[in-house]
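What follows is one structure encoded as structure tokens, with my remarks underneath.
A, B, ... follow the sequence lines: proteins, then strands. Residue 1 opens every chain.
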Amino acid sequence: MIPKESYGCGNINTIPSFQIPDLYEYFYELVKQIPEGSISTYKFLACALGDCRAARAVGQLLKGNPRPIVVPCHRVIMSDGAPGGYAGPHTEKKIALLRKEGVYFQDGRVRDFEGILFRDFETTYPLRTLREEQQRIGQEIVIPEEQHRDFKTVLGLDISYHDREARGAGVLFEEDEVIEEVVVEGRVDFPYISTYLSYRELPVYLRVLEQLKQKGIVPELVMTDGNGILHPRGCGIGAHLYHLTGLPVVGVAKSRLCGTTGEFREMLEFGVDCTGKGIAAEVHYDGNLLGHAFIYNAKKVKNPVFVSPGGGVSFQDGLRAVAGCSRFRLPEPIRAAHRLASRWE
DNA sequence: GCGACAG
DNA sequence: ATCTTGTCGC
């Protein structure tokens, strides 16, 4: 792993986890291994990627197959033998293609399912490798005790997409003023897979930070659109970013990835001095406090955001920073980054 | 009926 | 995230 002091200085391809081959292409090569006359399932492909729970992501990847037939996505069916979808409503087309290959359906299920099921994928299980890396990083992160720290400059990060084309944005706030904006564009080589978000978006974020560094700017606090340590392996995108850069990071997610939320209380009762700014509830996972569900204005807003430190900042200081720069449901730096990233031309 | 998983 | 009509609620 690159040293913390040199964030953004090196080629991201020198980071071990980013040497993983283009996962889109890797996946399509897996699909090409299914021989004519055989079928496989979304779940077996997910297992071949290295995470059996990523079956949904497999469905999304097949949906985006750029080379139908060449990449025989029609040979991928559901675990119960049902055909599953094909190019939208064209399940009939899928059935016809399979019939031509000698695969037949009976009562809506593939006949001799077990007999023609292909499961011997040649694979290195890339997601397993990444999961192990996340586990390692998550274990290393220690969240400091409250320091009553105020952050003069806060950087909001976000990305928008057109398929694999990404537009990443960083907006730096000082007090309530925008003092710097950075945009980077590029192509991502990792799909969205829940719990692996950082492998898709971190390369873009690192380029934003590098741009800022070249301008002599180092933010005091970074806010990511996604969790900090509130993650099954303690390694959400904010935590991973902290690990790579050493910058204080607080993660803000719009929906719950994991954990259970307790009772909402006035923030003052948490010892977080944000009277009138909102309410919060602890989020626990595996018996550990990993973050807070936070509602900025309970009168107006119903859904909480999920705030968790990535590292370099305490739970309370991170929460207070988010509350302090919130005017609507999401903190202003993230809203601004979201708007900037969405401005394609 | 289970599980329901950031962007 | 992105694609998007009609619907719900302050």
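Between A:R207 and A:E210, no side-chain nitrogen of the basic residue sits less than 4.0 Å from a carboxylate oxygen of the acidic one, so the salt-bridge criterion is not met. A salt bridge links A:E132 to A:R128: at least one charged side-chain nitrogen sits closer than 4.0 Å to a carboxylate oxygen. Taking the charged nitrogens against the carboxylate oxygens, A:K213 and A:E180 have no contact shorter than 4.0 Å, which rules out a salt bridge.
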Q) When every nucleotide of nucleotides 1-7 of chain B is labelled 5' to 3' by its protein contacts under 4.0 Å (heavy atoms), B for base, S for sugar-phosphate only, - for none, what sequence of letters results? A) --B-BBB
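A:Y196 and A:Y199 have tilted rings, their planes meeting at an angle from 30° to 60° on a 0 to 90° scale.
A:K94 places a side-chain N or O within donor-acceptor distance of the main-chain N or O of A:V76, the cut-off being under 3.5 Å.
With the 3.5 Å cutoff on both pairing distances, Watson-Crick and G-U pairs in DNA chain C never assemble into a run of at least 3.
In the hydrophobic clustering (ILVMFWY side chains linked at under 4.5 Å, chained through shared members), A:W344 stands by itself.
Within a 6.0 Å radius of CD in A:E263, other residues, nucleotides and ligands contribute 12 heavy atoms or fewer.
There is a side-chain donor-acceptor pair under 3.5 Å between A:Y26 and A:T124.
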For residues 306-325 of chain A, please give each side-chain donor-acceptor pair under 3.5 Å, one per line with the distance, not counting sequence neighbours.
from, atom 1, to, atom 2, distance (Å)
A:S308, OG, A:G228, N, 2.8
A:S308, OG, A:L230, N, 3.4
A:S314, OG, A:D317, N, 3.0
A:S314, OG, A:D317, OD2, 3.3
A:D317, OD1, A:H148, N, 3.3
A:D317, OD1, A:R320, NH1, 2.8
A:D317, OD2, A:Q147, N, 3.1
A:D317, OD2, A:H148, N, 3.2
A:D317, OD2, A:R149, N, 3.2
A:R320, NH2, A:E146, OE2, 2.7

Sequence neighbours left out, cut at 3.5 Å: what donor-acceptor pairs do the side chains of residues 97-105 of chain A make with other protein atoms?
from, atom 1, to, atom 2, distance (Å)
A:E101, OE1, A:R75, NE, 2.8
A:E101, OE2, A:H74, NE2, 2.8
A:E101, OE2, A:R75, NE, 3.4
A:E101, OE2, A:R75, NH2, 3.0

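Along DNA chain C, the stretch of nucleotides lying under 4.0 Å from any heavy atom of chain A spans, 5' to 3', C:dA1 to C:dT2.
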